Amino acid sequence: MFSFSDKDDMFARRCVWVNGPVIVGAGPSGLAVGACLKEQGVPCVILERSDCIASLWQKRTYDRLKLHLPKQFCQLPKFPFPEHYPEYPSRRQFIEYLESYATQFDLTPQFNECVQSAKYDEFCRLWRVKTVSADGVEVEYICQWLVVATGENAERVVPEIDGLKEFGGEVVHACDYKSGEKFRGKKVVVVGCGNSGMEVSLDLCNHDAQPSMVCRSAVHVLPREIFGKSTFELAMLLMTWLPLWLVDKILLILTWFILGDIEKYGLKRPTIGPLQLKNSQGKTPVLDIGALEKIRAGKVKVVPGIKKFSCGTVELVTGEKLEVDSVVLATGYCSNVPYWLQESEFFSKNGYPKAQFPNNWKGKSGLYAVGFTKRGLAGASADAIRIAKDIGKVHKEDLKQKKQKVPTHRRCISTF
């Protein structure tokens, strides 16, 4: 690394020249790219706004969380899970795995650096990534490649619900929910019926709370395992032989035999099959780990959409009113890319690549995206391998030609 600063301005933004790519985000996706680049002999800089790797897992997940898929489908490139780990590792085990991964590949992110903007300089043909640290220090990174690894779950989604501000009780997003212990004995409305909504409702029930889960739209609920095999693993196996629509039919028939008719409990199924819905709209089916049993027993109440909140009360679209102590918003997350990336050709306004899988990992001018396939950790790993190979090829060619491209137009230069 080398740098320089304008001696006449001690407060000038420090500039850093990076000999490889800048990776924005030190979650599983960013770490996977960094590791694969190390294997290619390509140096990189990983920028992370938080003070740790995988901040979503470390700071914004509930205590009882486990991986929903078997560990072999969640491991990052070139580093399997320890054999003694269970098939579905816990939150704490996954964090330990990621920390071991970073240590194994000597990945040292620049923590507490929040990217303010990233823009491709057409004149210099380089990316300019501006950051600010927690103590206000500003840095500009100059690089040939930019890898967006902030993922699909960078920011919480908080819906605008009439009267919510006047509700008066505790309102928390699922990212701030840790355990149902503090809600013991309380009436809680859980807004959302995806995997988080189902699991939070189950956890609340296990802590003697009285949850009502809002199910506004149709949702696929599948057993986590079928005949002792992971439902996901079974689906992948069937798709090697059968078309997707037929696999969907088989899964739904098997689900009906195992779970029965769930629509009578207020859980309506979409008209599109679970795999087709995932591929076309990115909506993940719920993998049941016990919530349905509580719903059948009447310990978790399924209710339709919310019309409005008032002081201590929620009114449903049916006109029914419920007395409520607390609200948990299991309303999901979204990408934050539009807030900082000044580019509109590769990424759309919603923060996802415009191209569809499997062509949504590479843009123009050295821009890459990892972890936006809506295919979980396996999709992120596949992206990471492709990106590293693509950058590694160019990097090796540059080394062979023994050409150094060091920008001289800036006031200051540092290099990694």
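We number each residue from 1, following the sequence as shown. Treat the numbers as computed from the prediction; the structure is a model and nothing was measured.
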Rounded distance (nearest 0.5 Å) linking atom [atom1] of [X] with atom [atom2] of [Y]:
| X | Y | atom1 | atom2 | result |
| --- | --- | --- | --- | --- |
| C143 | L126 | SG | CG | 7.5 Å |
| D288 | I295 | CG | CD1 | 7.5 Å |
| C44 | I391 | SG | CD1 | 9.0 Å |
| L238 | L244 | CG | CG | 10.5 Å |
| L222 | T231 | CG | OG1 | 6.0 Å |
| L98 | Q104 | CG | CD | 13.5 Å |

- Query: Relative to each other, are the rings of H173 and Y333 parallel, tilted or perpendicular (30° and 60° limits)?
  - Reply: perpendicular
Main-chain N/O of [Y] paired with [X] side-chain donor or acceptor, under 3.5 Å:
| X | Y | value |
| --- | --- | --- |
| S133 | N112 | no |
| R60 | A154 | yes |
| Q276 | S280 | no |
| K38 | D106 | yes |
| T240 | L237 | yes |
| W127 | S365 | yes |
| E48 | A26 | yes |
| D325 | K187 | yes |
| D248 | L275 | yes |
| H68 | R224 | no |

- Identify which one of R128, K130, Q116 satisfies the side-chain hydrogen bond (donor to acceptor under 3.5 Å, both in side chains) criterion when paired with E140. R128
Could you tell me whether the side chain of [Y] reaches within less than 4.5 Å of the side chain of [X], counting heavy atoms only?
| X | Y | result |
| --- | --- | --- |
| M198 | V221 | yes |
| V148 | F346 | no |
| N350 | C334 | no |
| I53 | Q58 | yes |
| Y62 | K178 | no |
| Q93 | K71 | no |
| K294 | N206 | yes |
| E113 | Y141 | yes |

- Item | Side-chain donor-acceptor pair present, Y88, E225, cut-off under 3.5 Å |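 A pair is found: one side chain offers a donor N or O, the other an acceptor, under 3.5 Å apart.
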- Task: Please identify each residue that fulfils ring-ring contact (aromatic ring centres under 6.0 Å, His included) with F309, with sequence neighbours left out.
- Result: F167
Would the number of heavy atoms belonging to other residues, nucleotides or ligands and lying under 6.0 Å from [atom1] of [X] be above 12?
| X | atom1 | result |
| --- | --- | --- |
| R184 | CZ | yes |
| K354 | NZ | yes |
| E293 | CD | no |
| Q356 | CD | no |
| R216 | CZ | no |

- Message: Run R49 and E155 through salt bridge (charged side-chain N to carboxylate O under 4.0 Å, His left out) and show every step you take.
- Response: CA-CA 12 Å; R49 64 180 177 177; E155 303 293 341; 2.7 Å; yes
- Task: Please lay out, stage by stage, how K374 and E152 fare under the test salt bridge (charged side-chain N to carboxylate O under 4.0 Å, His left out).
- Result: CA-CA 8 Å; K374 297 183 179 179; E152 304 163 350; over 6 Å; no
Nearest heavy-atom neighbours spanning [X] and [Y]:
| X | Y | result |
| --- | --- | --- |
| N19 | W145 | O-CZ3, 4.2 Å |
| A118 | L146 | CB-CD2, 3.9 Å |
| P304 | V317 | CB-CG2, 3.9 Å |
| V191 | V214 | CA-CB, 4.1 Å |
| S179 | H207 | OG-NE2, 3.5 Å |
| P223 | L287 | O-CD2, 4.0 Å |

- Task: Would you please test Y368 and V33 for side-chain contact (heavy atoms from CB on, under 4.5 Å) and show each step?
- Result: CA-CA 10 Å; Y368 297 90; V33 176; over 6 Å; no
- Task: List for me each residue that meets side-chain hydrogen bond (donor to acceptor under 3.5 Å, both in side chains) alongside D51, sequence neighbours excluded, and say none if there are none.
- Result: K59
- Item | side-chain hydrogen bond (donor to acceptor under 3.5 Å, both in side chains) partners of S117, counting only residues at least two apart | none
- List the steps, then state whether side-chain contact (heavy atoms from CB on, under 4.5 Å) holds for L329 with R156. CA-CA 10 Å; L329 299 173; R156 72 186 74 184; over 6 Å; no
- Message: Pair F73, L67 - check side-chain contact (heavy atoms from CB on, under 4.5 Å), show working.
- Response: CA-CA 10 Å; F73 298 106; L67 294 179; over 6 Å; no
- Message: Taking the six-membered ring for Trp, are Y97 and Y85 closer than 6.0 Å centroid to centroid?
- Response: no
- Among F79, F81, F94, which residue meets the ring pair (Phe, Tyr, Trp, His ring centres under 6.0 Å) test with Y101?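 With Y101 as partner, F79, F81, F94 yield a single ring pair (Phe, Tyr, Trp, His ring centres under 6.0 Å), made by F79.
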- Message: Applying side-chain contact (heavy atoms from CB on, under 4.5 Å) to R92 and E96, what does each step give before you reach the verdict?
- Response: CA-CA 6 Å; R92 183 67 252 166; E96 290 173 356; 3.8 Å; yes
